[in-house]
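First comes the structure, then the notes that go with it.
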Amino acid sequence: MENLGALSILLALCLATYSFIASLTGAWKKNAFLVRSAERAALVVWGLVALASGILVNAMVTGDFRLVYAAQYSNLAMPWYYKFAAWWGGQAGSLLLWNFILASYAAVVLLLNRNKHRQIMPYVTAILMSTQILFLVLICFAANPFEVLTVGRGITAVPDGKGLNPLLQYWTMLIHPPILYMGYVGFVVPFAFALASLITKQPGDNWIHTTRRWALVTWLFQTAGVTLGAGWSYSVLGWGGYWIWDPVENASFLPWLTSTAFLHSVMMQEKKGMMKVWNIVLVSATFFLSIFGTFLTRSGIVSSVHAFAQSPVGPYFLTYLALGIVITTWLILDRLEFLKSEVPLESVVSRESSFLFNNLILLASCFAILWGTLFPVISEAVTGEKISVSAPFFNRVNIPIGLFLMFLTGVGPLIAWRRSTWDSLKRAFMFPALGGLIVAAGLMAAGMRHPYALISFALCMFVTLTISSEFYKGSRSIAAKDGIGFLPAMVELTHRNTRRYGGYLIHMGVVICVVGFSGAAFNLNMTSEIGEGQTMNIGRYQLAMKNITFGENDNYVFRRALIEATVDGKQYGLLEPEGRVFKKQNEPYHEVAIIRRLNEDLYLNFANVSADGKKAVIQAYVFPLVTWIWIGFWVMLAGTIVCLIPSKVRLEYARTQVVGVVERNAVQVEK
Amino acid sequence: MLSKWKSSLLLLVAALCLAQDSLVSPAVRRVGEKLSCLCGVCKNTVGTCDMMGCHYTAPKRDQIAAMQAKGMSDQSIVDVIVKEVGLQALSEPPQQGFNAMALVMPFIMITFGLYAIYWFIQRNQRQAAMAISNPVHPEVLDRFRAAAEKEMEKLD
């Protein structure tokens, strides 16, 4: 079977190369047959990659440990679902998953557009296949998942595999990597349409209308992937951290930031015909940052807990990135004439300007994170000495940037398009600003002194009030006009313009997440050795050890503590933190116990046993407001889904054009 | 299935691997926050790393506590550890020489971005002013009026 798998990926590489060449040649020679043939070849690539993936998964589930990959990442004791998840547990398998997702996206794009956008589709196919070629080359020549142990090494039978890293044997690992990859890979589609539109000198915003939903769904996958990763880290690493500015975490966050900027900036192009160059730059940056993030994770250039073992994939990525960036830059510069804004920006105090500032801040954050991630490498190259860039640096730079972004989140929706007057600003902002100030004053009066936390909570209130006022004003007007209740009016309002109000919901989700992040300023932790019948205290909680048990199953040996938490003498809950040692890997793992509440989480980790073996070393934490991070994600998810629903009222944006400029542009186009 | 003594041995090995942490005093935490945890797993500081028995943080905390007991100042403790481990011991790059760029560069970029926005708005406002001062051909105006009426009808 492994030969069939290896043959499949080699054939897929040949067909992807054919598809790339045939689509470009077909477009150049205007040969529809060649173009169709290229598209069908791309569909066959999907079939071959799916077959290869099936063979690899089958090897891991059935325990065919002749395969190096299966022997490294699967074993007999693992439950079937972790054997399946071992598909993306290592370098070669996860690259195969990348290939599978990319081939699936390409197949869907080609099928959906088989009778549409015929002028640009050959170039879309070529761009999708160029990326496919990169990833197929990687699994064919640099990290082959079908390498067999027995060949040339005298090994005839391997009774069992090593198994998946214990830290990855957690339920979110079943969905986190595929969802994150769906985000990473998905950015290729808007990029392909944007570039194809540029190559063919398509006027207008067709590529944006075609790919808006792609971009939004991809952004959603990226958001979900990042949040699931944070959730995994919180629940598995044993110390409650959900974000540690690790290079691999940063790599997933960079394209998220640029795609968020793109989703905002694209509205300027749709509504006003502005920022055309900028949108192409953003969509390209997002795609290249996705590839760069994959390169960071897999090349070993920066040290990271998440990174795969060092492998020779780096030069392939760098070559692709260099070629891609050079070609894209040249195309943008060559086609600048087609990307001119249709109207000029009229005032600094306008919705348009707020989008500019929003983009600036998102990109500043992106740059700061990229800079901090790469700075150890850059500094070592320049000064010859190693340095560290740890969490304090990222927090110092990104917290003020993030707070300013929150401020803009509140300001943006209330500023009018074109220009705002001082009076209208005063009317719009007085109530929300007052609300923010009252919250800050109330918290200060209650004894809170942490400056960032105070500013953050005040801004959260400010943004909440601006969003609420938008919903309130619109719903009240509909309720009065249509004679319906306030809630049905709110649903009607949202349905009439799903993008706008879905967007507000997403902003609300961000606010809720920020409330959760701000709680970190008040975290408590305590480590203590306690035996049966003994207690420890943290915050308002008293923790009493009931018993400690030891045991084992096929996969691991464990020690488990039963701890009763009480508050003011009343039982709050029973917690069972567990420490495990996986037999195959001989690696420890902590199954933490958490009581989740809206105000705070009580989090216990059975970290160790005392030297005499009679007591448990318990790490206890109180994480205020952390649950709001996960709630915020669900609100963002709901908002994105609302955005994807077609609006009841079809909005046509009457562009407020300045006729003189339009006339001049029209003359230039005619020439 | 492993026998009980093998399981116990595994637990013992794990217990020995994970050396025991002591409670971190605020003074140790204060100095520790200036130092990066170099265990290779996390991006925390010696003050905030919560991994039990971290092979880097645990001995560094003991070292900090010992130096504090001798009455050494925070800065001199940091200097001793930097001398031993190198600049990478610091949680943030030192604010001197090329390494100062780490903190400065993001803010230079923001300043540059703000200037770019200012330049963009200025240029746009000049364009708008020029367009308004130019007389518009009546035919062009009629075309736009017709388009506007058509759009208004759609809205109705």
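Per chain, numbering begins at 1; letters A, B, ... match sequence-line order. Worth saying up front: this structure is predicted, and the values here are computed from it rather than measured.
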* Heavy-atom pair count under 4.5 Å with chain B, highest-scoring of Asn525(A), Ile401(A), Val382(A) -> Val382(A)
* Who wins among Glu380(A), Arg580(A), Lys386(A) for the most heavy-atom pairs under 4.5 Å with chain B? ->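 The option with the most such pairs is Lys386(A).
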Contact origin within [X] toward chain A - heavy atom pairs under 4.5 Å:
X: Tyr118(B); result: neither
X: Ser91(B); result: both
X: Leu103(B); result: both
X: Ile110(B); result: both

* With side chains defined as the heavy atoms from C-beta onward, is the minimum distance between Leu604(A) and Gln619(A) less than 4.5 Å? -> no
* **Minimum side-chain heavy-atom gap Thr373(A)-Val389(A) below 4.5 Å** => no
Need one label for [X]: side chain, backbone, both or neither, based on atoms under 4.5 Å from any heavy atom in chain B.
X: Ser379(A); value: both
X: Leu360(A); value: side chain
X: Ser353(A); value: side chain
X: Phe357(A); value: both

* With a distance cut-off below 6.0 Å to the six-membered ring centre and an angular limit of 45° from the axis, does Arg560(A) pair with Phe606(A) as a cation-pi contact? -> no
Most contacts with chain A, counted as non-hydrogen pairs under 4.5 angstrom, among [options]:
options: Gly97(B), Pro93(B), Ser36(B), Ala102(B); result: Ala102(B)
options: Gly86(B), Ala148(B), Pro106(B); result: Pro106(B)
options: Thr45(B), Thr48(B), Leu87(B); result: Leu87(B)

* Structure fact -> Rounded to the nearest 0.5 Å, the NZ atom of Lys43(B) sits from the CD atom of Glu249(A) at a distance of 10.5 Å
* Asked: Do we see a donor-acceptor contact under 3.5 Å between the side chains of Asn99(B) and Gln95(B)?
  -> no
* For residues Gln63(B) and Glu84(B), is any side-chain donor paired with an opposing acceptor at under 3.5 Å? -> yes
* To do: In sequence, state the C-alpha distance, the side-chain angles, and the governing distance for Trp245(A) and Asn250(A), and then conclude on side-chain contact (heavy atoms from CB on, under 4.5 Å).
  => CA-CA 6 Å; Trp245(A) 299 108; Asn250(A) 296 348; 3.4 Å; yes
* Does CZ in Phe112(B) sit with more than 12 non-hydrogen atoms of other residues, nucleotides or ligands closer than 6.0 Å? ->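 Not more than 12 within 6.0 Å, no.
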* How about Phe393(A) and Phe375(A): are their ring centres within less than 6.0 Å of each other? ->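 So the answer is no for these two rings.
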